[in-house]
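Sequence positions, counted from 1, serve as the residue numbers for this chain. Everything numeric here is computed off the predicted structure, so don't read it as measured data.
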Amino acid sequence: MGIHMERLAVLGGTPVRETPIFYGRQCIEDDDIEAVVRTLKSDLITCGPRVEELERKLCQVTGARYAVVVANGTAALHLAALTAGFEQGDEVIVSAITFAASANCVLYCGAKPVFADIRPDTYNIDPGAVRKLITPRTKGIVAVDFTGQAVEHDELRSICREYGLTLIEDAAHAIGTKYRNQPIGSIADMTCFSFHPVKTVTGGEGGAITTNDESLYRRLMRVRTHGITRCREEMVHPDDAKWYNEQVELGYNYRMTDFQAALLLSQLNKLPKFAARRKEITARYDQAFSQLPELYVQKELPESDTTRHLYVLRLKPERLTCTRREFYDALYAENTCPQVHYLPVYRHSYYEKLGYEKGLCPNAEKYYEESMSIPLYYSMTDSDVEDVIHAVNKVVEYYRR
């Protein structure tokens, strides 16, 4: 509170807003609540008919042949990495700018994450940087659709075909996005989604993996549930008794509840309107901030029809008299509460202990020092959006060099 009050005095009096607006939040409506209550009153409340219905719905939304619903986005990444066969001695190339789970899933399997730099204009993984990192030990790529914008699939898939690599797409930000008019979820070998509350649609928590490969799908289904199967063709000691099941490999309990699935099903029905509103807000921000020479506006790939999860405000330090921290604190004091996405993964202290050093990815490190995410979510009103723009303009004007 002390920092914020001091900043208010510096910028001159009353904040732009009386109440805070945060960078993201869920939109839960009465029909969502009713869907959950109906399921809670039913006979099956965990990994039952609503989960199966959700998997069919995700196939419709993404165009993928198969979908496997799991407990959260990290579980989705873990199972995808496990199913890809990453193991001790393998290297997997990962974007440096992402949530830690995109790299942690590689470590879970005993493999080594190798961090690729980002493009300085789109903030997504740079295919040219990926190509330079490939060695005989490289087994796959985890490519992140950062902010919701699709990665450069043409180039990445070409690299994967050339070197026999598995492409896992971390689409935690990108439900509803399309690449060359093809929905995200139907392009990579496996695509992982997250349904955390700040994402475009939510189940409270939840995740999913989509794929077009039946063999990958069958293994994903097994390892989601302890490595246990009821499929006789997958058993070592088949038995046709209705009660018989058999653990054929080591798996995990990454199942989703039916009431979470019910919430997600209701939310997915609203994806078109959620996506449209996010696009409207993004367009208004782009229009406003492209007029300010103190800020960068994220470049949009023409191939990507993006449903934006995050809106990143990036500063030009040479045009401002403040640090990124000072700009952040000033915005916060205006009750426009930003967040930072993300510290390059290898800069986390845990990764430092593993031997990763500063300087691996210069573009990613420069991006991190200059960026923050401002509010973007479906239920923002036009007045909310204008308040955010007003607050940014106020801070820029104060610190303009």
Side-chain angles (χ1 to χ4, degrees), residues 24 26 47 50-84 94-95 98-102 104-105 124 142-151 153 167-179 182-213 216-217 220-221 223-224 254-257 260-272 274-275 278 304-310 341 377-378:
Q26 70 277 8
C47 212
R50 295 289 80 76
V51 167
E52 293 177 3
E53 186 180 352
L54 175 59
E55 288 171 341
R56 292 192 295 271
K57 180 70 173 179
L58 283 167
C59 288
Q60 293 172 10
V61 168
T62 65
R65 290 181 63 193
Y66 307 104
V68 178
V69 169
V70 293
N72 51 61
T74 300
L77 286 163
H78 182 193
L79 295 191
L82 185 71
T83 301
V94 184
S95 176
T98 182
F99 185 61
S102 308
N104 290 348
C105 69
N124 265 340
V142 179
V144 180
D145 300 316
F146 182 59
T147 75
Q149 181 170 199
V151 294
H153 274 284
L167 178 60
I168 296 175
E169 185 173 6
D170 182 344
H173 294 183
I175 188 80
T177 292
K178 296 180 180 178
Y179 181 84
Q182 187 173 353
I184 294 302
S186 59
I187 306 172
D189 294 307
M190 287 177 279
T191 304
C192 299
F193 295 98
S194 168
F195 305 117
H196 182 275
V198 296
K199 302 302 196 300
T200 301
V201 295
T202 186
E205 277 285 1
I209 311 109
T210 58
T211 184
N212 293 323
D213 186 311
L216 294 176
Y217 165 70
L220 287 165
M221 290 291 282
V223 291
R224 176 181 72 178
Y254 281 163
R255 294 172 297 189
M256 178 187 281
T257 65
Q260 286 175 294
L263 174 55
L264 261 169
L265 278 163
S266 181
Q267 292 264 297
L268 280 169
N269 288 331
K270 304 173 190 184
L271 179 58
F274 285 174
R278 285 175 176 266
S304 181
D305 177 6
T306 303
T307 296
R308 194 74 70 87
H309 161 55
L310 297 174
H341 300 91
Y377 51 88
Y378 167 75

Using modelled atom types and a 3.5 Å cut-off, is there a donor and acceptor pairing between side-chain atoms of [X] and backbone atoms of [Y]?
X: T147; Y: H309; answer: no
X: D189; Y: L167; answer: yes
X: R278; Y: R308; answer: yes
X: T202; Y: Q26; answer: no

Do [X] and [Y] have side chains that approach each other closer than 4.5 Å (heavy atoms only, starting at C-beta)?
X: V198; Y: Y377; answer: no
X: L310; Y: F146; answer: yes
X: E169; Y: M190; answer: no

Quick check: closest heavy atoms across [X] and [Y], and the distance to 0.1 Å?
X: Q260; Y: G203; result: CG-O, 3.5 Å
X: P197; Y: G204; result: CD-O, 3.0 Å
X: A150; Y: N124; result: O-ND2, 3.2 Å
X: A275; Y: T307; result: CB-OG1, 3.4 Å
X: A172; Y: D170; result: N-OD1, 3.1 Å
X: D145; Y: V151; result: OD1-N, 3.0 Å

Over 12 non-hydrogen atoms of neighbours within 6.0 angstrom of OH in Y66 = yes
Say you draw a straight line from [atom1] of [X] to [atom2] of [Y]; how long is it, rounded to the nearest 0.5 Å?
X: D305; Y: Q182; atom1: CG; atom2: CD; result: 13.0 Å
X: H173; Y: S194; atom1: NE2; atom2: OG; result: 8.0 Å
X: L216; Y: T210; atom1: CG; atom2: OG1; result: 11.0 Å
X: M256; Y: L54; atom1: CE; atom2: CG; result: 6.0 Å

Side-chain donor/acceptor pairs under 3.5 Å, residues 56-63, sequence neighbours excluded:
{"residue": "K57", "atom": "NZ", "partner": "N269", "partner atom": "OD1", "Å": "3.1"}
{"residue": "T62", "atom": "OG1", "partner": "L58", "partner atom": "O", "Å": "2.8"}
{"residue": "T62", "atom": "OG1", "partner": "A64", "partner atom": "N", "Å": "3.2"}

Decide side-chain contact (heavy atoms from CB on, under 4.5 Å) for F274 and Q267; before the verdict, give the C-alpha distance in whole Å, the side-chain angles of both, and the deciding distance to 0.1 Å.
-> CA-CA 9 Å; F274 285 174; Q267 292 264 297; 3.8 Å; yes
Cut-off 3.5 Å, no hydrogens considered: what does the side-chain donor-acceptor table look like for residues 68-78, sequence neighbours left out?
{"residue": "N72", "atom": "OD1", "partner": "T74", "partner atom": "N", "Å": "3.2"}
{"residue": "N72", "atom": "OD1", "partner": "A75", "partner atom": "N", "Å": "2.7"}
{"residue": "H78", "atom": "ND1", "partner": "Y254", "partner atom": "OH", "Å": "2.9"}

Does the side-chain contact (heavy atoms from CB on, under 4.5 Å) test come out yes or no for V51 and R255, once each step is laid out?
-> CA-CA 9 Å; V51 167; R255 294 172 297 189; over 6 Å; no
Would T200 and L271 count as a side-chain contact (heavy atoms from CB on, under 4.5 Å) if you check the C-alpha gap in whole Å, the side-chain angles of each, and the deciding distance to 0.1 Å?
-> CA-CA 7 Å; T200 301; L271 179 58; 3.7 Å; yes
